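If you're wondering where the values come from, they're calculated on a predicted model, not measured in any experiment. Quick note: numbers below take in every heavy atom, side chains included, and nothing from hydrogens, waters or symmetry partners. The sequence lines fix the lettering, A, B, ..., with proteins before strands; numbering per chain opens at 1.
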Amino acid sequence: MSSPSFQAPKGTHDVLPPESWRWEQLIARFATTVEGAGYGLVVNPLFEDIGVFLRGIGEGSEVVTKEMYEFEDKGGRRQALRPEGTASVVRAFVQHRPPVPFKGWYVTPAFRYEAPQAGRYRQHHQLGVEALGTHDPDLDVEVIALADEVYRSLGLRQVTLKVNSMGDSSCLPAYRRLLADYLVSRSLCAEHREKVALNPLRTLDCKRDECRAATEDAPRMVDHLCAPCAEHFARLGDGLAALGIAYSVDFRLVRGFDYYTRTTFEFGAEALAAAQNAVGGGGRYDGLVEALGGPPTPGIGFGMGVERILLACDAEGVLPVPETRLDAFVVDVVGGREALALTAELRAAGLRVDRAYASDDGQPRSMKAQLRAADRSGARVAIIVGEDELAAGTATVKALQGGPVQEQVSRSDVVEWVTKLSGGSRP
RNA sequence: GUGGCCGUAGCUCAGUCGGUUAGAGCGCCAGGUUGUGGCCCUGGAGGUCGGGGGUUCGAGUCCCCUCGGUCACCCCA
């Protein structure tokens with residue numbers, strides 16, 4: 001074994017240009033959308049005391065019990081890489097106590113130790129918002145509408161919304177018993193026969209035929225909400241309808257984190273054939289702030305998966321990587337000093353400019369090679385400096401797309417010509 | 001974590017029953033024009049056949065292990 005060969009760890013991946021352009025776009029559109037609704041960026045540590053996740057997400061959830069990247073640091077502290085974003089934002093809220101209502105958004109990697117497959121990674125990336133301090137169901141509507149707007153702004157048309165209510169501490173426990181009593185005498189799949197007493201809700205989203213049949217006519221949470229929760233859920237539906245956001249109520253929607261109360265929702269990309277077609281989800285977590293040591297404070301938020309959204313964009317043929325990102329490409333066949341000066345000048349004028357560099361043997365590349373590079377770069381304009389231009393104090397400005405436009409212009413007019421020929425992307 | 005399928009050039013792939021220097025297209029570099037890109041033509045560079053072990057006179061090809069990808073379960077973004 002001579003030189004070792006490394007690759008990205010299992011379940012992780014690199015994002016390089018030009019593909020990364022789509023990441024920039026997605027993040028930028030997300031930021032624009034949510035900042036337009038008063039949300040501000042929150043930056044958290046990628047790891048926390050493991051208790052933040054144990055108490056925040058819940059010790060009954062798979063993500064915490066089986067999938068967390070945990071480690072002991074050199075000081076003997078038990079830490080864990082964040083498996084999702086909400087717990088850290090809420091911990092920060094409890095620590096700093098900003099005025100409510102508090103609205104924050106984030107973009108972050110999330111780590112879960114699980115078997116990778118298409119659309120599922122050990123490190124994936126989430127965009128999300130959290131809004132704390134308000135019970136108002138209009139806020140639930142707002143949060144869902146923001147997610148919906150992000151998908152639509154990307155051009156996605158085949159994203160569907162499912163909503164449900166998990167009730168609260170006054171009606172969920174009773175419903176849980178009711179459901180358990182109902183299911184205990186039914187035939188369930190082997191796995192849920194054992195788990196039904198512990199967590200009957202999980203049986204609802206089991207895909208196996210026995211459980212599907214057993215739960216089809218089972219009592220539903222939305223029919224057993226206490227009066228305040230029922231009112232909240234009704235107003236959520238009214239609000240979504242008022243904004244023209246299509247949704248379906250799905251009594252099987254039982255999301256994986258223990259902290260959810262009342263509203264839960266999930267966005268699915270119908271264009272994705274894979275089993276992993278959830279592109280975003282979230283809900284209300286009115287007990288979470290307290291669970292992390294803060295004062296009773298309601299909250300709601302969502303997370304959406306960057307990788308899966310981009311897979312959905314592929315499937316729907318939207319958000320293609322653009323072919324051109326440059327205004328001009330400088331071709332210098334007289335040694336390179338002119339290119340050095342010209343690119344600097346054009347960039348200073350706010351134009352997007354690249355150039356060719358010398359070959360590995362130190363020789364300048366031929367004009368043909370440099371123009372080929374200019375063509376491939378996608379630049380709209382080539383700027384050529386050769387012997388004639390150098391002697392005359394000019395540069396040749398050549399349009400690379402459309403008709404054969406070419407002019408030899410004074411060096412002082414180059415910026416103006418490039419701006420004109422490139423369509424003027426100058427700010 | 002369990003099971004199925006797959007790993008050959010930067011990318012997409014071919015490679016017969018195990019047989020000698022492992023191929024194609026695209027991409028990249030150069031030439032075809034002593035100052036003009038794209039199209040075309042010619043040439044070139046580029047490969048531990050994912051890795052390790054085994055069987056064999058001989059392994060890209062067969063066997064075992066391993067790493068990675070992928071699909072399903074599970075869970076979720």
Checking A/Arg365 against A/Tyr357: charged group under 6.0 Å from the ring centre and within 45 degrees of the axis?
no

Expressed as a whole number of Å, how far does the P atom of B/G53 sit from that of B/C71?
32 Å

B/G43 and B/C11, which share atom name P, separated by this distance in whole Å:
25 Å

When rounded to the nearest Å, what value does the distance between C1' atoms of B/G47 and B/G10 take?
11 Å

Would you indicate which nucleotide in B/U36, B/C74, B/U2 comes nearest to any side-chain atom of A/Glu62?
B/C74

Return the nearest nucleotide to the side chain of A/Gln126; candidates are B/A77, B/A30, B/G68.
B/A77

If you measure only the distance, is there a donor-acceptor pair under 3.5 Å linking the side chains of A/Gln406 and A/Thr396?
no

Residue A/Gln117, side-chain heavy atoms: nucleotide from B/C28, B/G1, B/C71 that is nearest:
B/C71

Distance, C1' atom - from B/G46 to B/G1, rounded to whole angstrom
40 Å

Contact under 4.0 Å: A/Arg372 side-chain N or O vs B/A30 OP1/OP2
yes

Which is true for A/Gln123 with a 4.0 Å heavy-atom rule: it touches a base, it touches only sugar-phosphate, or it touches nothing?
nothing

Is the closest side-chain donor-acceptor distance between A/Tyr39 and A/Glu142 under 3.5 Å?
yes

A/Leu371 CG to B/G31 P, in whole Å, measures 13 Å

Student check: side-chain heavy atoms of A/Leu201 and A/Leu172 closer than 4.5 Å
yes

Side-chain N or O of A/Tyr121 closer than 4.0 Å to phosphate OP1/OP2 of B/C76:
no

Using the test side-chain contact (heavy atoms from CB on, under 4.5 Å), find all partners of A/Arg55 that sit at least two apart in sequence or belong to another chain.
A/Leu292

Below the 4.0 Å mark, does B/G68 have OP1 or OP2 next to a side-chain nitrogen or oxygen of A/Arg122?
no

Counting only side-chain heavy atoms from C-beta out, which of B/G35, B/A77, B/C71 sits nearest to A/Ala118?
B/C71

If you go through the side-chain atoms of A/Gln7, does one of them form a donor-acceptor pair with the base of B/G69 closer than 3.5 Å?
no

Span that lies between the P atom of B/U48 and that of B/C40, in whole angstrom:
30 Å

Closest listed nucleotide, where the reference is the side chain of A/Thr396 and the choices are B/G35, B/G68, B/C29
B/G35

Should we say atom OH of A/Tyr151 is surrounded by more than 12 heavy atoms from elsewhere, each under 6.0 Å from it?
yes

Options B/A77, B/G37, B/G35, nucleotide nearest the side-chain atoms of A/Asp388
B/G35

Nucleotide B/C75, atom P - distance to CG of A/Leu201 in whole Å:
13 Å

So A/Phe102 and A/Phe93, would you call those rings parallel, tilted or perpendicular, with 30° and 60° as cut-offs?
tilted

Which base, if any, makes a Watson-Crick or G-U wobble pair with B/G7, both distances under 3.5 Å?
B/C67

Would you say A/Lys398 reaches B/U36's phosphate, i.e. side-chain N/O to OP1/OP2 under 4.0 Å?
no

In this structure, which one of A/Arg220, A/Glu210, A/Arg252, A/Arg186 forms a side-chain hydrogen bond (donor to acceptor under 3.5 Å, both in side chains) with A/Thr215?
A/Arg252

From the candidates B/A77, B/A30, B/C73, the one with an atom nearest any side-chain atom of A/Arg208 is B/C73

Among A/His232, A/Arg262, A/His135, exactly one meets side-chain hydrogen bond (donor to acceptor under 3.5 Å, both in side chains) together with A/Asp140. Which residue is that?
A/His232

Taking B/A9 as the reference, what is the distance to B/G60 when you measure between their P atoms (whole Å, please)?
14 Å

Side chain of A/Arg120: nearest nucleotide among B/U36, B/C75, B/G69?
B/C75

Please list each protein N or O that sits under 3.5 Å from an N or O in nucleotides 7-10 of chain B, with the distance.
none

What contact category does A/Gln406 fall into here, base, sugar-phosphate, or nothing, at under 4.0 angstrom with non-hydrogen atoms?
base

Considering only the C1' atoms, how many Å lie between B/C76 and B/G52, rounded to the nearest integer?
35 Å

Distance below 4.0 Å between A/Arg202 side-chain N/O and B/C76 OP1 or OP2
yes

Let me know, please, whether A/Gly11 or A/Val254 comes out on the 5' side of the other along RNA chain B by nearest nucleotide.
A/Gly11

